[in-house]
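Since we're looking at a predicted model, the values are computed, not measured. Sequence lines set the chain letters: A, B, ... in the order given, protein chains first and strands last, and positions in each chain run from 1.
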2 protein chains.
Amino acid sequence: MTARDELLDVIHEAIILFSRNARVRANNMYDELSFVAYTMLSYVGTFPHPTASDLAERYGLEKSTVSRQLSQLEADGLLRRVAHPSRPRTKLLELTDTGRACLAHVRQHQRKGLQERLGRWPDEDVETFSRLLWRFVTELD
Amino acid sequence: MTARDELLDVIHEAIILFSRNARVRANNMYDELSFVAYTMLSYVGTFPHPTASDLAERYGLEKSTVSRQLSQLEADGLLRRVAHPSRPRTKLLELTDTGRACLAHVRQHQRKGLQERLGRWPDEDVETFSRLLWRFVTELD
DNA sequence: GGTCAGAGTTGCGCAATACAACCTTGACAG
DNA sequence: CTGTCAAGGTTGTATTGCGCAACTCTGACC
C-alpha cells in the first residue's frame, strides 16, 4: 500500500464520518427545515426559477422524489410552482416571502454553526479547505 | 458578509453536495454492501472486537438501529456476535472470513474510485485535503 | 433480597427514496 | 390531419434507515 493509498483511506473514512454526521445533524439543522427541504429551498434561492428536473439532476434524485418534496414545501407555503410562460407542462419554482425569510434564517444559523466549528482554524486553512472541498465535490466529470 | 462568511457558504454548499452525493453513491458502493453495512464492517475491521454500543457512539446512531443492522450482517454471514468473556450481557463483534474478504474487496474498489476521482490532484493537495477533512470531521468537541 | 444500571432487542411508525405506470400536451413524420 | 413520440410531472407501491419507547436480562450495590 503506497503512501497515497493511505491518504485515500483516511479520506474515505472521513467521508463516512462526514456522511453519517450530516445525516444525523441534518434533521435538526434548524427545526423549521429538514435537510432535503433546506437543500431544495437553497437551490431555488441561488438559481432563480429552476424546474423540478433541474433539482433532480443537480442532486442525483428521482423526479418522483423531488416532486413529492416540492409538494410538501408548497403545502408549507415556502415556495410556489408557477407556469412556464411558453412550455405548458413545465413549472418554474420560486420562493415565497416566507420561504425566503426561512432560508435566510437557517443560513444564518448554519453559518454560525460552521463558524464555531472552524473557530480556531486560521483563515488560510479555511480558505484552502473550502477550495479543495469544493473541487472535490464538483470533480465528477 | 465578511470574506470568511463567503468561504463558509462555499463550505456549506459543498457539504450539501457531498452528503447528497454520498447518499446516492452509497447504495451502489459495490453491490455487495450497503452504505451502513460497509460502515459497520469497516469499523469492526479497524477496531477489533468492539461492542454494538461503540458503533452507536461512533456514528451517532441509536442502539436499536445498530442492533438491527448487526442482525442483518450476522444473517448474511459477514460477522459474528460473540460473548464477552466477563460481562455477560455484552457481545463482542468480529468479522467472519467472508466478512473480511468482502470488506477487503469493497475497500479495494473504493480506493480505486477515489484514486480516479483524485487522479489529477498533486500529492501535496491530496495530503492537505486529507489532513483538513479529517480535522474537520473530528472537530466535534 | 430489592432496586438499579448497562447492553441489547423488539414493536411501531416516519421520512426519504426508487421504480414503474401513468397523464398531458406540444412536435414532428407520414 | 392523424399517429407516434418525447418532455415534464405526479401517483402507487415498496424498501431502507432510523428514532423513540418499552421490554428483557443479569450483575452490582445498598
Side-chain angles (χ1 to χ4, degrees), chain A residues 16-29 31-41 43-44 49-76 79-94, chain B residues 16 19-29 31-41 43-44 49-76 79-94:
Chain A
I16 289 178
L17 281 174
F18 200 144
S19 307
R20 290 250 70 90
N21 236 298
R23 208 177 279 207
V24 170
R25 224 172 337 92
N27 291 323
N28 37 341
M29 162 113 59
D31 49 21
E32 18 187 358
L33 288 182
S34 75
F35 178 57
V36 206
Y38 174 80
T39 295
M40 301 201 167
L41 274 197
Y43 187 85
V44 180
H49 292 104
T51 66
S53 302
D54 293 337
L55 276 167
E57 190 184 349
R58 167 84 162 206
Y59 297 113
L61 292 169
E62 267 295 302
K63 53 186 180 163
S64 59
T65 304
V66 174
S67 174
R68 263 182 270 257
Q69 294 289 347
L70 292 177
S71 296
Q72 188 55 53
L73 288 172
E74 194 169 30
D76 294 345
L79 63 72
R80 273 186 299 272
R81 302 192 251 205
V82 304
H84 188 287
S86 57
R87 279 177 293 166
R89 206 60 201 150
T90 305
K91 291 167 190 168
L92 301 181
L93 306 172
E94 63 182 28
Chain B
I16 289 178
S19 307
R20 289 250 71 91
N21 236 298
R23 205 177 283 206
V24 169
R25 222 169 340 90
N27 291 322
N28 37 341
M29 163 113 58
D31 48 21
E32 19 188 357
L33 288 182
S34 75
F35 178 58
V36 205
Y38 174 80
T39 296
M40 302 200 167
L41 275 197
Y43 187 86
V44 180
H49 292 103
T51 66
S53 301
D54 292 338
L55 275 167
E57 191 184 348
R58 165 84 162 207
Y59 297 113
L61 292 169
E62 265 296 299
K63 54 188 179 161
S64 58
T65 304
V66 174
S67 172
R68 263 180 272 257
Q69 294 289 345
L70 292 177
S71 296
Q72 188 56 52
L73 289 172
E74 193 169 33
D76 293 346
L79 62 72
R80 273 185 299 270
R81 301 193 252 205
V82 303
H84 188 288
S86 56
R87 280 176 295 167
R89 206 59 201 150
T90 304
K91 291 167 190 168
L92 301 181
L93 305 172
E94 64 182 27

Check: Just by distance, do the side chain of B/S67 and the backbone of B/K63 share a donor-acceptor pair under 3.5 Å?
Finding: no
Using whole Å, what does the distance between atom [atom2] of nucleotide [N] and atom [atom1] of [X] come to?
| X | N | atom1 | atom2 | result |
| --- | --- | --- | --- | --- |
| B/D54 | C/dA7 | CG | P | 9 Å |
| A/E62 | D/dT11 | CD | C1' | 13 Å |
| B/L93 | C/dA7 | CG | C1' | 12 Å |
| B/L33 | D/dT16 | CG | P | 14 Å |
| B/F35 | D/dG17 | CZ | P | 11 Å |
| A/Q69 | D/dT10 | CD | C1' | 14 Å |
| B/L73 | D/dG17 | CG | C1' | 13 Å |
| A/K91 | C/dC23 | NZ | P | 16 Å |

Short side-chain N/O contact from [X] to OP1 or OP2 of [N], under 4.0 Å:
| X | N | result |
| --- | --- | --- |
| B/S53 | C/dG6 | no |
| A/K63 | D/dA7 | no |
| A/R87 | C/dT25 | no |
| A/T65 | C/dA18 | yes |

Proximity to the side chain of [X] - top-ranked nucleotide from [options]:
| X | options | result |
| --- | --- | --- |
| B/S67 | C/dA16, D/dA21, C/dG8 | C/dG8 |
| A/L61 | D/dG17, C/dA18, C/dT9 | C/dA18 |
| B/R89 | C/dA18, D/dT26, D/dG19 | D/dT26 |
| B/R81 | C/dT9, C/dG8, D/dC20 | C/dT9 |
| B/R68 | D/dG17, C/dA18, C/dC12 | C/dC12 |

Check: With a non-hydrogen cut-off below 4.0 angstrom, is B/S64 in contact with a base, only sugar-phosphate, or nothing?
Finding: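 Touches a base.
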Item checked: OG1 on A/T39 to CG on A/L55, rounded to 0.5 Å -> 9.5 Å
Margin query: So, taking the atom named CG in A/D54 and the one named OH in A/Y43, what distance separates them when rounded to the nearest 0.5 Å?
Written below: 5.0 Å
Next item on the list: Taking only Lys NZ, Arg NE, NH1 and NH2, and the carboxylate oxygens of Asp or Glu, determine whether B/E74 and B/R80 approach each other closer than 4.0 Å.
Entry: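 Looking at B/E74 and B/R80, the cut-off is not met.
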Notebook entry, point to check: Quick one: does A/K91's side chain get under 4.5 Å of A/T51's, heavy atoms only?
Noted result: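 Result no, sub-4.5 Å side-chain heavy-atom pair not found.
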